[in-house]
Amino acid sequence: MHGWIVAVAWSLVCLAGPALAQQQAPGAPPPITELAPMTVSGTHPGPGLWKVSRDGHVLWVLGTLSPLPRKMEWHSQEVELAIAGSQELLLPPTLSVDTGRGLFRNLFLIPALLKARKNPDGKTLQELVPADAYARWTVLKARYIGGDRSVEQWRPIFAALELYTAAIKRSGLTLDNPVRERVEKLAKRARLTITPATSTVRLEDPKAAIKEFQRTSLEDQTCFVRTLEVIEREIDTMREQANAWSVGDVELLRHSPQTSQYAACQAALSESTLARNLGMGNLRQQSLDLWLDKAEAALVSNASSFGLLPIGLVLGPGNLMDALRARGYTVQAPGED
């Protein structure tokens with residue numbers, strides 16, 4: 001993913017956030033230790049299902065997590081039974097950009113997209129971030145990316161994403177979503193109606209938008225520094241949470257303190273002039289509200305429905321389970337009677 005596509009990708013990631021988003025006091029970065037790849041053997045069920053109900057209608061919700069153990073095998077009989085007995089699958093809230101053009105015509109935008117990830121005026125990463133942050137970047141880049149110099153021309157937010165992705169891979173984790181893929185296959189096999197919850201911003205002139213983005217500076221230094229902190233301090237916590245998800249340890253997921261870089265990175269994008277001009281500033285909240293509306297519609301229309309949500313939107317502050325409770329639904333966490 002490159003340029004404007006990467007910007008949208010950050011927004012997609014920001015939508016979910018981590019399981020918990022608690023702030024940690026800054027301090028000197030600890031020494032970086034080499035982590036052995038994560039190995040998860042056997043088949044794992046993941047967490048149980050949240051049950052949302054009213055008037056005899058039920059919505060089963062599976063909380064998903066990213067990253068997960070790279071080689072984890074996931075199988076849940078509870079999920080399979082719930083899907084088999086449902087009439088509709090509600091997909092997680094997502095964001096999208098509509099250019100109004102077909103895929104073939106969009107291919108001609110790739111050269112511009114590749115330029116959009118670079119800093120305006122040819123500045124380098126070293127010129128844009130604090131000296132101490134750049135020194136830490138140099139160490140982490142050598143460890144996870146290697147000698148590729150092209151990333152030094154990228155905007156801090158895109159360089160941070162490249163480093164974060166490489167670090168996750170080296171730690172035995174994956175940002176892929178095998179759980180959603182499996183759930184969608186099961187839903188199609190059971191002939192469920194599959195309902196997206198996608199909020200879309202339309203680019204009437206995508207080439208002009210990309211050119212404007214190329215000229216626009218971003219306040220993304222905070223995003224860059226927070227990403228360095230996450231990689232330096234919190235990979236172990238991510239591994240613990242990934243293991244907790246795989247064995248269904250909801251309490252550990254609920255109470256494990258994991259900080260996040262996503263809020264800072266989202267702000268760098270959503271507060272930019274271009275994002276405001278495109279109406280992207282409140283797109284995240286629109287997508288959450290849309291999911292809630294579609295969840296209510298499914299609960300009215302179907303005896304049983306099945307939904308997917310990132311675990312941060314199930315357990316985290318301001319989560320959608322609490323929002324459904326506020327709308328008068330009964331919500332039971334896994335294991336509750």
Side-chain angles (χ1 to χ4, degrees), residues 1-14 26 28-29 32 95 97 99 106 108-170 175 201 203 205-233 259-278 280-281 283:
M1 296 178 292
H2 303 291
W4 183 255
I5 294 176
V6 177
V8 176
W10 266 116
S11 294
L12 290 170
V13 176
C14 293
I32 300 171
L95 316 178
V97 175
T99 66
N106 282 339
F108 290 101
L109 297 175
I110 290 176
L113 292 171
L114 292 174
K115 293 178 183 177
R117 67 184 175 185
K118 292 185 177 181
N119 290 306
D121 304 321
K123 290 185 177 180
T124 65
L125 196 59
Q126 187 172 10
E127 295 176 277
L128 292 175
V129 301
D132 60 334
Y134 185 76
R136 292 159 61 191
W137 155 267
T138 301
V139 174
L140 293 170
K141 175 181 174 291
R143 183 177 299 274
Y144 295 117
I145 296 178
D148 183 2
R149 295 289 303 172
S150 63
V151 71
E152 297 290 340
Q153 309 298 319
W154 293 7
R155 297 170 187 256
I157 191 171
F158 298 151
L161 175 59
E162 186 80 358
L163 180 64
Y164 177 75
T165 303
I168 290 297
K169 184 176 180 180
R170 279 282 299 276
L175 295 171
V201 60
L203 294 183
D205 190 343
K207 287 187 177 181
I210 291 169
K211 287 180 180 179
E212 182 181 349
F213 187 74
Q214 289 172 342
R215 297 190 298 265
T216 301
S217 297
L218 298 175
E219 297 297 325
D220 53 359
Q221 290 189 19
T222 302
C223 163
F224 182 81
V225 172
R226 279 296 302 125
T227 303
L228 297 183
E229 292 174 356
V230 167
I231 295 170
E232 289 168 336
R233 302 170 184 269
T259 53
S260 169
Q261 79 273 31
Y262 296 132
C265 296
Q266 182 186 30
L269 294 170
S270 62
E271 294 173 8
S272 70
T273 301
L274 178 59
R276 289 196 296 268
N277 290 343
L278 294 174
M280 290 186 67
L283 199 58

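Between Phe158 and Gln153, every side-chain heavy-atom pair lies at or beyond the 4.5 Å cut-off. By the 4.5 Å heavy-atom criterion applied to side chains, Val151 and Trp137 are counted as neighbours.
The minimum heavy-atom distance between Ala159 and Phe224, with the atom names listed, is CB-CE1, 4.5 Å. Nearest heavy atoms, Pro120 versus Arg155: CG-NH2, 3.9 Å. In plain terms, the two heavy atoms of Ser150 and Asp148 that are nearest each other are OG-OD1, 2.8 Å.
Panel note: side chain Arg143, backbone Ala167; no donor-acceptor pair is recorded below 3.5 Å. One N or O on the side chain of Lys141 and one on the backbone of Gly146 form a donor-acceptor pair closer than 3.5 Å.
Applying the side-chain hydrogen bond (donor to acceptor under 3.5 Å, both in side chains) test to Asp121 and every residue at least two apart in sequence or in another chain returns nothing.
No option in Thr165, Leu163, Leu140 other than Leu163 meets the side-chain contact (heavy atoms from CB on, under 4.5 Å) test with Ile145.
The CD1 atom of Ile157 sits 13.5 Å away from the CD atom of Glu162 when rounded to the nearest 0.5 Å.
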Quiz: residues 122-133 side-chain donor-acceptor pairs under 3.5 angstrom, not counting sequence neighbours:
{"residue": "Thr124", "atom": "OG1", "partner": "Glu127", "partner atom": "N", "Å": "3.4"}
{"residue": "Thr124", "atom": "OG1", "partner": "Glu127", "partner atom": "OE1", "Å": "3.2"}
{"residue": "Glu127", "atom": "OE1", "partner": "Thr124", "partner atom": "N", "Å": "2.8"}

